[in-house]
Protein chains: 2
Amino acid sequence: MNASKPLISYKDVKAGVLARILRRDWPPGALLPTEEALAQDFGCSRATANRALRELARTGIIERRRRAGTRVALSRPEAAMLTVPLVRDEIERAGGAYGYALIERRETAADAALAVRFETAPGAPLLFVRCLHLSDGAPHQLETRWIALDAAPAAAREPFERVSPNEWLLTETPYDRIEHILTAAAPDADERARLALGPGEPVFVIERRTWRAGAVVTAARLSHPASRFRLISRTDWAA
Amino acid sequence: MNASKPLISYKDVKAGVLARILRRDWPPGALLPTEEALAQDFGCSRATANRALRELARTGIIERRRRAGTRVALSRPEAAMLTVPLVRDEIERAGGAYGYALIERRETAADAALAVRFETAPGAPLLFVRCLHLSDGAPHQLETRWIALDAAPAAAREPFERVSPNEWLLTETPYDRIEHILTAAAPDADERARLALGPGEPVFVIERRTWRAGAVVTAARLSHPASRFRLISRTDWAA
DNA sequence: TAGTGGTCTAGACCACGAG
DNA sequence: TCGTGGTCTAGACCACTAT
């Protein structure tokens, strides 16, 4: 007979281990069997068990240490994969017509505060750009951005009249590190006007910085009308 | 001579491929060599190249499809690993003294709106809990929570007078799926009072739902004073 | 020092999906 | 249809760290 055994997948092992954790066979803090033992239990190779455990560890549900073994995490921080969408994609995916308007663009030099944000010396050349992203004509995001001209000199030649800094940077200046800070805030007078905010309506602010080869390339403050903006994150451990 | 070749690690391949992408050797949209070709280039096995590419694909910087090959992503959504911290940990890590106060606890039944949120029928038994988390005596998070008693019957016997639902659920009721919705909002009168908000100060709201075996276990609205709350996410592709 | 996870290799078969 | 990624195996050596 050649209807031989279907091979066990790392997904099977993942699901099996997860099920046992959820069922409290292995409560928080419990020590799991070694990779070798699990491989035997499930009838797979150690490499397969390893991949299953590695992926579970990445989600934070288990913790692994050499020699000490693998344990069910005691208190798992609510790790969530968040996707901060590109403004244009986000608007178009929602069925809206994307609009863009440049407000201001000028070269400047870093003051003390900006020097800190850019991890550089005061006086460093920066490009300042302010613009608005609209959905069906309604303001959706106010973008206030600085670009380090040392790191991205090409920006000095880009007018940003038809292309947003957002998209231009994505195409022209790849980064290898990114930081997001999410806050709620009361709008200043300018934001209130430009975003056409209702009375008492706050803004949802995303502050973003990107690095390239250790240097800050750009810093931006992206503010959105609270009533029309939300970030959603869904995580499915089983899948 | 036995100082034989040090083996090439998947990390080497990852770094090498990333560097070439950042250097625009392979611009957005470009087709990368096959796993086999890369393995030869780098002098490693195909499995090693595979792991490197798989991990890069997970971050969204490249896209892989059978038969079509591997391409540099055209527009990468700003994927970010966000960690929503446990209130208590967050406060204590910041050096504050954690405080907890139960405000209200009562059993109830799902009305139409709650039935939708719980993906169940109206009338389903729920436990309603409202409480406050404090840092050095100052309000830090107002937690408004419903727990499905069908899914977590043990909650009916827990007074929640000393342990927050947050922590209790973490220990007692594991979940396999979680959803977060982040918004900014103007506070209602109750939030303003309980969170001791300044005039015009908005709240940062995290709405969280967790599932277990396809059923919603709990839904919570966690609101924080905007002036004292932020979420931070940092991602380093190179590392 | 010994045990556990971390990783690499060489070879193999399979599944998807572009052309 | 057939090339590319997806995955499994068996075996091996290494690196970290608890004891």
Side-chain angles (χ1 to χ4, degrees), chain A residues 1-18 20-21 26 29-74 76 238-239, chain B residues 1-18 20-21 26 29-74 76 238-239:
Chain A
M1 16 204 310
N2 56 5
S4 57
K5 51 161 195 273
L7 291 181
I8 302 299
S9 162
Y10 74 96
K11 291 180 182 169
D12 300 329
V13 179
K14 235 173 114 173
V17 170
L18 182 63
R20 272 138 107 164
I21 292 175
W26 296 318
L31 190 63
L32 269 61
T34 66
E35 291 188 348
E36 196 145 28
L38 274 178
Q40 286 205 342
D41 287 356
F42 281 89
C44 63
S45 73
R46 196 190 137 207
T48 299
N50 174 274
R51 178 163 178 192
L53 293 180
R54 198 195 322 140
E55 296 203 355
L56 285 174
R58 188 169 54 72
T59 73
I61 203 167
I62 60 176
E63 290 169 352
R64 322 194 68 199
R65 269 152 69 198
R66 283 164 147 122
R67 168 79 200 200
T70 300
R71 291 181 179 281
V72 180
L74 277 173
R76 144 171 58 147
Chain B
M1 39 176 290
N2 57 4
S4 56
K5 52 161 196 271
L7 291 183
I8 302 298
S9 162
Y10 74 96
K11 290 179 182 170
D12 300 329
V13 180
K14 235 173 113 172
V17 170
L18 182 62
R20 290 199 215 173
I21 292 176
W26 296 318
L31 189 63
L32 268 61
T34 66
E35 291 187 348
E36 197 145 28
L38 274 178
Q40 286 205 341
D41 287 355
F42 281 90
C44 64
S45 73
R46 197 191 137 207
T48 300
N50 174 275
R51 179 162 177 193
L53 293 180
R54 198 196 320 139
E55 295 204 355
L56 285 174
R58 188 169 54 73
T59 73
I61 202 167
I62 60 176
E63 290 169 351
R64 322 194 69 199
R65 271 150 69 198
R66 283 165 148 126
R67 169 79 201 198
T70 301
R71 291 181 179 281
V72 180
L74 275 173
R76 139 171 63 143

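The figures that follow rest on heavy atoms only: side chains count, while hydrogens, waters and symmetry mates do not. In the text below, chain A, chain B and the rest are named by the order of the sequence lines, each starting its count at 1.
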*Among C/dC8, D/dG6, D/dT9, which is the nearest nucleotide to the side chain of B/Ser45?*
C/dC8

*What nucleic acid atoms does B/Leu53 come within less than 4.0 Å of, heavy atoms only: base, sugar-phosphate, or nothing?*
nothing

_B/Thr48, nearest nucleotide to its side chain (from D/dG5, C/dT7, C/dT9)_ = C/dT9

*asked:* Taking the minimum atom-to-atom distance to the side chain of B/Arg67, which one of D/dC2, D/dC16, D/dA18 wins?
replied: D/dC2

*Hey, does the side chain of A/Thr70 come within less than 4.0 Å of C/dT4's phosphate (OP1/OP2), counting only N and O?*
no

*Choosing from D/dG6, C/dA18, D/dA12, which nucleotide comes nearest the side chain of B/Asn50?*
D/dG6

*If you look at every strand shown and take non-hydrogen atoms under 4.0 Å, does A/Arg65 touch a base, only sugar-phosphate, or nothing?*
sugar-phosphate

*For B/Arg64 and B/Thr70, indicate whether the former's side chain and the latter's backbone hold a donor-acceptor pair under 3.5 Å.*
no

*Within the structure shown, what part of the strands sits under 4.0 Å from B/Ala47 by heavy-atom distance: base, sugar-phosphate, or nothing?*
base

*Is the distance from OP1 or OP2 of D/dC8 to the nearest side-chain N or O of A/Tyr10 less than 4.0 Å?*
no

_Which nucleotide wins on minimum distance to the side chain of B/Arg66, given the candidates C/dA15, C/dT4, C/dT9?_
C/dA15

*When all nucleic acid strands are considered with a 4.0 Å heavy-atom cut-off, which category describes B/Arg64: base, sugar-phosphate, or nothing?*
sugar-phosphate

*asked:* Measuring only between side-chain heavy atoms, which start at C-beta, is B/Arg51 closer than 4.5 Å to A/Arg51?
replied: no

